[in-house]
Amino acid sequence: TLEACCSRAWTSCFNSTSIMAVEFEGGVVIGADSRTTTGAYIANRVTDKLTPIHERIFCCRSGSAADTQAIADAVTYQLGFHSIELDEAPLVQTAASLFREMCYRYREELMAGIIVAGWDPRRGGQVYTVPVGGMMTRQPVSVGGSGSSYIYGYVDSNYRAGMSKEECLKFTAEALTLAMERDGSSGGVVRLAVVSEQGVERQVILGNQLPKFSTV
Amino acid sequence: MATVSVCQYHSGGFSFENCKRNALLEADINKLGFSSPAARKTGTTICGVVYKDGVVLGADTRATEGMVVADKNCSKIHYISPNIYCCGAGTAADTEMTTQIISSNLELHSLSTGRLPRVTTANRMLKQMLFRYQGYIGAALVLGGVDCNGPHLYSIYPHGSTDKLPYVTMGSGSLAAMAVFEDRYRPNMEEEEAKRLVRDAIAAGIFNDLGSGSNIDLCVITKGKVDYLRPHDMANKKGVRTGSYRYKHGTTGVLTKAVTPLNLEVVEESVQTMDTS
């Protein structure tokens, strides 16, 4: 039986996660698995780890669920305020900087690995990664979470610059499927989103519809 | 660990200065052979389900202090606002106080906005408070209610993370209850079916988890109406003794009888008047 109040038992953690973001001409494709665990129990098997920060800016959350939800709520507020002051759409880099500011300042207290991705009129589709510790860097493709270790090879060998939106979607879905296959603590469904000038398109790939790789 | 908190003045939050003193006291008590009292926990099964017209919340009624049942019929479904109720698992005092604080703040907020409070507002307030205390407030909650946007159900963890789902379970009996939900949940159930489902989920927790027991409380929240069914099902009624074990006078034979009068003399007599004004 789960002992209520054991601090370890109640930490809702996304550390068991696979998240990914890819830039393409005209926007970004982001994806995540859907598992949240408290210890060995899956607390939520349909989690949505792709959180909207602004109309065309999203973040993929990995690490402690409580920490990333609190950070995302705080950044959403700050960015919304900033956007109203500016009277224009905020830059993805601004959102990423706000995340970096919080994750670096409170690095000892937090456990949060975040990928910020979106589209803005100035620089188009962008992906910024803010891993544990609070570094921020822009990358054309970024993976995160415990499941990411298993797909670095796949991503490095299969990524090509200049892929189309459909190719990026297929690439992301396949990479996350492979990660979920091998990482015991990632699983559930694959949630995908495309963020572009036209807006946001979201889709879900259920367990039985995931791409199949080996028959062994 | 290079934290910038060495010379910062502690304003608010918990003060851990008494921990050393408590450790010394506990050592002293243990030397005398006693044990210090433990915090009362609700080893619990709580759950909630969204159905066609609203939300059904359920809870067992056992509160435990270690391995002893401290309260056989405690109420774990707390009032937040006329349209929002919250089940609490974890430390009993924490769930009680946290829900009361948020209920109070939500009533003031509702008077300020002039509107019926929304479940998402209660969720925000609870998660922000629990995150502020970094998990030291051991309150795991199932928050449910109906507002202008329909029925909503949230699960809230002690560290401040929340999940918005159609069915949730919490507490030590949550795995047993979740098994029932995963088997029989359907979207848009009727009220009777939803009540039966929640009742069965709590019953699974009561009969398969040592930390949960006694009766099943239900709370059915719909638009404009709340049915607080306490108890909804007395799953563990105390049995009635079918025979008497009293022995008749004279069953044990008396062999000898000796009476020794104690001669006591009055040493001191003092009168204390009671203040009855």
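Below, each value reflects all heavy atoms present in this structure, side chains not excepted, and no hydrogens, waters or symmetry copies. Each chain gets a letter, A, B and so on, in the order the sequences are listed, and its residues count up from 1.
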Original post:
If we only count heavy atoms from C-beta on, is the I156(B) to N123(B) side-chain gap below 4.5 Å?
Top reply: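 Sidechains of N123(B) and I156(B): in contact.
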
Original post:
Given that the side chain runs from C-beta out, which part of K127(B) has a heavy atom under 4.5 Å from chain A: side chain, backbone, both or neither?
Top reply: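 For K127(B), side-chain heavy atoms alone lie under 4.5 Å from chain A.
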
Subject >> Part of T162(B) lying under 4.5 Å from any heavy atom of chain A >> reply: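 Contact with chain A is through both the backbone and side chain of T162(B).
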
**OP:** Measure the acute angle between the ring planes of F181(B) and Y167(B), then classify it against the limits of 30° and 60° as parallel, tilted or perpendicular.
**Re:**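 F181(B) vs Y167(B) ring planes: perpendicular.
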
**OP:** For S196(A), enumerate each residue passing the side chain to side chain contact (heavy atoms under 4.5 Å, CB included) test, keeping only those at least two apart in sequence or located in another chain.
**Re:**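 Per chain and number, S196(A) pairs via side chain to side chain contact (heavy atoms under 4.5 Å, CB included) with Q198(A).
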
Subject >> Members of residues 70-79 of chain A whose heavy atoms come closer than 4.5 Å to chain B >> reply: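 From residues 70-79 of chain A, the residues near chain B are A70(A), D73(A).
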
Original post:
Between the side chain of D33(A) and the main-chain N/O of T17(A), is any donor-acceptor distance below 3.5 Å?
Top reply: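 A pair under 3.5 Å: no.
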
Original post:
Do NZ/NE/NH1/NH2 and the carboxylate oxygens of R184(B) and E193(B) come within less than 4.0 Å?
Top reply: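 Looking at R184(B) and E193(B), the cut-off is not met.
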
Subject >> Single hit among I30(A), D48(A), V194(A) for side chain to side chain contact (heavy atoms under 4.5 Å, CB included) with R202(A) >> reply: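 Testing R202(A) for a side chain to side chain contact (heavy atoms under 4.5 Å, CB included) against I30(A), D48(A), V194(A) leaves exactly one candidate, D48(A).
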
Subject >> Residue among Q128(B), R124(B), Q134(B), M178(B) with most heavy-atom pairs under 4.5 Å to chain A >> reply: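 Heavy-atom pairs under 4.5 Å are most numerous for R124(B).
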
**OP:** Answer yes or no: does atom CD of Q203(A) have more than 12 heavy-atom neighbours from other residues, nucleotides or ligands under 6.0 Å?
**Re:**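 Yes, because the 6.0 Å sphere around CD of Q203(A) holds more than 12 heavy atoms from other groups.
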
